[in-house]
Structure formats: structure tokens, C-alpha cells
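Heads up: numbering here begins at 1 and tracks the sequence.
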Amino acid sequence: MALTGRTALLAALGSLPVGIWEPSWTGILAVNAPLALACACDFALAAPVRRLGLTRSGDTSARLGEPADVTLTITNPSNRPLRAQLRDAWPPSSWTPGTEVESSRHRLTVPPGERRRVTTRLRPIRRGDHRADRVTIRSYGPLGLLTRQGTHKVPWTVRVLPPFTSRKHLPSKLARLRELDGRTSVLTRGEGTEFDSLREYVPGDDTRSIDWRATARQSSVAVRTWRPERDRHILLALDTGRTSAGRVGDAPRLDASMDAALLLAALASRAGDRVDLLAYDRRVRALVQGRSAGDVLPSLVNAMATVEPELLETDARGLTATALRAAPRHALIVLFTSLDAAPIEEGLLPVLSQLTQRHTVLVASVADPYVARMAKARGNTDAVYEAAAAAQAQSERHRTADQLRRHGVTVVDATPEELAPALADAYLALKTAGRL
């Protein structure tokens, strides 16, 4: 019988014959004494774990869906080499399922008085702050018979930010903004616009823009051009109550609202408008005010990172009062909330006039594309019943949106992929109409 590895070592230590061995007290002592001596020597030669020095460096933030690398530096101050297995523990949401074992466990050898680095690659699947738990190190002796094991607390936090996937729409929206801003020949006029310059009349121009005094001084008809006013106030109000926790696809509705809010913030800040953020359910969860154009987007992303839906009913009166304090003068208030009938009719509608009397109000809501697919389903009895239920849900949603519109509210109701560009278009339309 062939013996390999540790079995061969144990056989050699006890002069164990290859074959069948009948134990006796003398034989047991003959084997165990050398084995105990070997284990004691192996344990003594293993580098101590508690004396190791551990420090961290690396990424402190990353966007959702992107990796974050955190480096551990292990210093061995002892006079014995460290042969170890290391586990760098983080919360389960710090890893894509199935990658934790591969990413968090490391083998390393550190000579006496030297240091080595190992890198743990996180792949977070949720927003928020991900904090390191502990580092567990198992130190082996040269024979691998006994080990020393211990844990170290090495604090580190990686903040996982919203992914901002809608930024791909920003170039096209900025091009439309430049048209409104007077940098191309397409110029508009509305209540909230400023005089820009004079140019020659072309067919199709609004006759109300003709400047008759300038026309009398020259041989051609002159029209005034206008540009949207700058330094308007935009308040992004995120409803973080229970309706924002409903999942559409793989993410909560709140995440889709955040993505749309970021695109609108990027666009409005480029337009010269001031953008603030309020996240509220029954208390303020996040508030960002008074940021400069260059700092507003990083501030919003950082504030949104730790905001999670709360499983309670939103206090519409408290939200309205807080929004009015955050925007004491005329502003565009963009409310990201659900179009479910009960929360709107019982919560928002009774207090909506407090907002519309002073501000321009826009409601943005995330629609579920699965409901639209259900409404088109046919083929069997179950599909017909599902289609009827989906049609009823759509009808109630449209009725709720019409109620809001009758109160002077602009409503944007779109799927997660379409909400951000649709909201940006609604903002530009308000700019065009001079309602900001």
C-alpha cells in the first residue's frame, strides 16, 4: 500500500510499517510521542497571528455595477516566516453571488520582518455603505500539522453610488438645451425668457416677436430673439415611503427615480439653474441645498447612495411643508412618487394646492412594463384574466394622472428605461414655454 503526503510523514515518525498494523500500548506510544513532538515543533514554528500588522488602502467609493479594489498590507514583525490563508470578510451584498469565496480568500507567504499585499475585489449588488467585517488569518507551520488562527478588525468603508445609467442621454439633451439657450437659430419666447438680440424675420416666426421700431429704422423686418432665464430653482423631492420599495424588474422604483433625478440635475445645472434635493417619507432622509453647479452632481450622488425605501406610508403634509421650507420662492418642484390611487387621493391631492399656488409642480412616476405586457396577453383563460387586471390597473393610473393635471401639475409616467429622458424632455418643454 503506497502512502503519500501527511500519512507518509506520520508513518515515518512512528516507524509505521506499510501494511496492516496491529496497535499495542507500546506501538501507540512509539507513534504518538514522535507525532506529538512534531506537532509541538510545527506549532512553535508557525508565525504568531495576533502580532501581525494589518492596514488597508484602496477604493472608498464605486458606482453600482463597477468593481472596487481594497488592498490589505500584512506586516510580519516576528522572526518566523508567515505561511497563511487569509479571509477578508465583507457583507454578502458586497459580492456578486458565487464570487465571494474566490475574491475574499488569499494564500500568502511573508518572510520575517517583511510585508506583503493582497487585494480583495468587491462587486457590490446594492447601493449604500459597505463596511469590512473582520480579517481571519490561519498561520501554518512548516509541516502543516497544526495552525494558529486569529482575527483582526481592520475598518474600511466603500460607498456604493447610484449607477447613473441615464447619463448616456445627456449629450442629446444638452444639444436641445443649446438650441433653447440661443446658441443656434432655434429661439423661443415665453413668460420666463429674456431678450437676447435682433435678427431678420423669416417665414414661420411668431409675429408677436416683430420689433416695429427696429423695423422702421431698416429696410427689413426685424424680430426679437429670446433665451430662457437662468438661475431658476429646481427642487427634486424623492418620496421614500413604501410605494418606492416596489420592485420593477431587478431594482426598487426608488432607484429608477434616482437615475432620472440625476439626469435632470445634470441638465438643469448646465442650464444655469440651482438644483436641490429632498428625500422624505415621515422625516427627512436626505437634504442637499446650496451647491454650486460643479459640485451639485457629486453631492446628489453621495447623498442618494445611502437612501433606502422605508416600509411606511409617506406623510404628504409633512412632505409638502418641508418642500415649502426648502423652496420659499417660486421653483420647479419635481416630485418622484407613485401614481397609485390611494396615496394620491388621500395624501397628496388634499395638500397639492399649497404647492401649485406658489410653484410649478411636476410629478414623475415609474411605470411597470410588465403591466403593459400583461394587458396585451391573449391565448388562454389565465392570459385574458391577466389582461383584464392589467387594463384596470392602467385605467386607474391614467385617472390619477388626469386628476393631477386638472390641478395644474405636469405628469411624466414612464418605464424605468424611459423615465429619465422623458423627464428631461418635460423640463425642456417647461423652459420653452417660459414656465420656469
Side-chain angles (χ1 to χ4, degrees), residues 61 63-64 124 126-130 159-167 233-248 251-269 273-291 295-328 331-340 343-344 347-348 351-352 354-355 359-366 409 412 416 419-420 423-424 427:
S61 65
R63 292 194 180 276
L64 185 64
R126 291 184 60 183
R127 288 182 296 102
D129 288 342
H130 295 247
R159 174 159 290 189
V160 181
L161 308 172
F164 193 15
T165 56
S166 62
R167 59 187 166 190
H233 186 195
I234 315 295
L235 177 63
L236 307 175
L238 291 171
D239 177 359
T240 57
R242 64 170 184 83
T243 57
S244 67
R247 300 187 74 83
V248 178
R253 280 188 166 90
L254 181 60
D255 285 28
S257 297
M258 288 180 175
D259 191 56
L262 289 175
L263 179 63
L264 179 56
L267 182 62
S269 61
D273 292 334
R274 294 176 292 115
V275 182
D276 293 340
L277 170 72
L278 169 66
Y280 190 95
D281 40 71
R282 290 191 177 180
R283 64 181 180 87
V284 175
R285 302 291 176 175
L287 182 63
V288 177
Q289 291 180 299
R291 297 297 192 273
D295 188 48
V296 64
L297 203 59
S299 299
L300 294 186
V301 169
N302 192 58
M304 289 177 179
T306 57
V307 175
E308 295 292 344
E310 301 293 330
L311 298 182
L312 44 80
E313 200 70 44
T314 298
D315 177 11
R317 292 185 181 276
L319 173 60
T320 301
T322 307
L324 290 173
R325 287 195 297 269
L332 170 63
I333 297 181
V334 183
L335 176 59
F336 296 86
T337 189
S338 167
L339 285 180
D340 293 350
I344 294 294
L348 182 61
V351 297
L352 186 59
Q354 300 178 30
L355 293 176
H359 304 292
T360 301
V361 180
L362 190 158
V363 169
S365 183
V366 182
V409 176
V412 176
L419 180 64
L423 181 60
Y427 165 77

Open item on the list: Within the structure provided, determine whether Val366 and Leu254 are in side-chain contact (heavy-atom separation under 4.5 Å).
Closed with: no

Task: Side chain proximity check, Leu312 to Arg242, heavy atoms < 4.5 angstrom - done: no

- [ ] Taking all non-hydrogen atoms of both residues into account, name the closest pair between Ala266 and Ser269 and its distance.
- [x] O-OG, 3.0 Å

Task: Nearest non-hydrogen partners of Ala268 and Val275, listed with the distance - done: CB-CG2, 3.7 Å

- [ ] Determine yes or no for a side-chain-to-main-chain donor-acceptor pair under 3.5 angstrom, with Arg285 supplying the side chain and Leu238 the backbone.
- [x] no

- [ ] Verify side chain to side chain contact (heavy atoms under 4.5 Å, CB included) between Val301 and Phe164, making sure each step is shown before the conclusion.
- [x] CA-CA 9 Å; Val301 169; Phe164 193 15; 5.6 Å; no

TODO: Could you pull out the closest heavy-atom pair between Ser257 and Phe336, with the gap in Å?
DONE: O-CE2, 3.7 Å

TODO: Look up atom CG in Leu423 and atom OG in Ser365, then write down how far apart they are to the nearest 0.5 Å.
DONE: 11.5 Å

Task: Non-neighbouring partners of Asp315 that pass salt bridge (charged side-chain N to carboxylate O under 4.0 Å, His left out), sequence neighbours left out - done: none

TODO: May I ask you to test the Arg159-Asn302 pair for a side-chain heavy-atom distance under 4.5 Å?
DONE: yes

Open item on the list: The criterion is salt bridge (charged side-chain N to carboxylate O under 4.0 Å, His left out); which residues satisfy it with Asp239, sequence neighbours excluded?
Closed with: none

Open item on the list: Working to the nearest 0.5 angstrom, can you tell me the gap between Thr360 OG1 and His233 NE2?
Closed with: 12.5 Å

Task: Sidechain-backbone polar pair: Arg127 side chain, Ala305 backbone, donor-acceptor under 3.5 Å - done: yes

TODO: Please tell me if the side chains of Glu308 and Pro252 come closer than 4.5 Å, counting only heavy atoms from C-beta onward.
DONE: no

Task: Partner residues of Ala326 under the side chain to side chain contact (heavy atoms under 4.5 Å, CB included) criterion, sequence neighbours left out - done: Leu235, Gln289

Open item on the list: One pair to check against side chain to side chain contact (heavy atoms under 4.5 Å, CB included): Ile344 and Val363. What are the steps and the verdict?
Closed with: CA-CA 11 Å; Ile344 294 294; Val363 169; 5.7 Å; no

Task: More than 12 heavy atoms of other groups within 6.0 Å of Arg317 CZ - done: no

Open item on the list: Between Asp259 and Pro162, is there a side-chain heavy-atom distance shorter than 4.5 Å?
Closed with: no

Task: Contact summary for Leu267 and Ala424, nearest pair of heavy atoms - done: CD2-CB, 3.9 Å

Task: Considering all heavy atoms, the nearest Leu332-Leu362 contact - done: CD1-CB, 4.2 Å

Open item on the list: I'd like to know if the side chain of Thr306 and the backbone of Gly128 have a donor-acceptor N/O pair within less than 3.5 Å.
Closed with: no

Task: Side-chain donor/acceptor of Asp276 to backbone N/O of Leu287, under 3.5 Å - done: no

- [ ] Give, for atom CG of Asp281 and atom CZ of Arg283, the distance between the pair rounded to the nearest 0.5 Å.
- [x] 7.0 Å

Task: Working for side chain to side chain contact (heavy atoms under 4.5 Å, CB included), residues Leu335 and Leu355 - done: CA-CA 11 Å; Leu335 176 59; Leu355 293 176; 5.6 Å; no

- [ ] Indicate the atoms forming the closest heavy-atom contact of Leu64 with Pro124, along with that distance.
- [x] CD1-O, 3.7 Å

- [ ] Please check if any side-chain donor atom of Arg291 sits under 3.5 Å from a side-chain acceptor atom of Ser299, or the reverse.
- [x] yes

Open item on the list: With side chain to side chain contact (heavy atoms under 4.5 Å, CB included) as the criterion, how do Leu324 and His359 come out once you've worked through the C-alpha distance, each side chain's angles and the decisive distance to 0.1 Å?
Closed with: CA-CA 9 Å; Leu324 290 173; His359 304 292; 3.7 Å; yes

Open item on the list: I'd like to know if the side chain of Arg282 reaches the main chain of Thr314, judged simply by a donor and an acceptor atom lying under 3.5 Å from each other, with no hydrogens or angles considered.
Closed with: no

Open item on the list: I'd like to know if the side chain of Thr240 and the backbone of Pro309 have a donor-acceptor N/O pair within less than 3.5 Å.
Closed with: no

- [ ] May I ask you to check whether over 12 heavy atoms, not counting those of Arg126, lie within 6.0 Å of atom CZ?
- [x] no

Open item on the list: Taking the side chain as everything from C-beta on, heavy atoms only, tell me whether Ile234 gets closer than 4.5 Å to Tyr427.
Closed with: yes

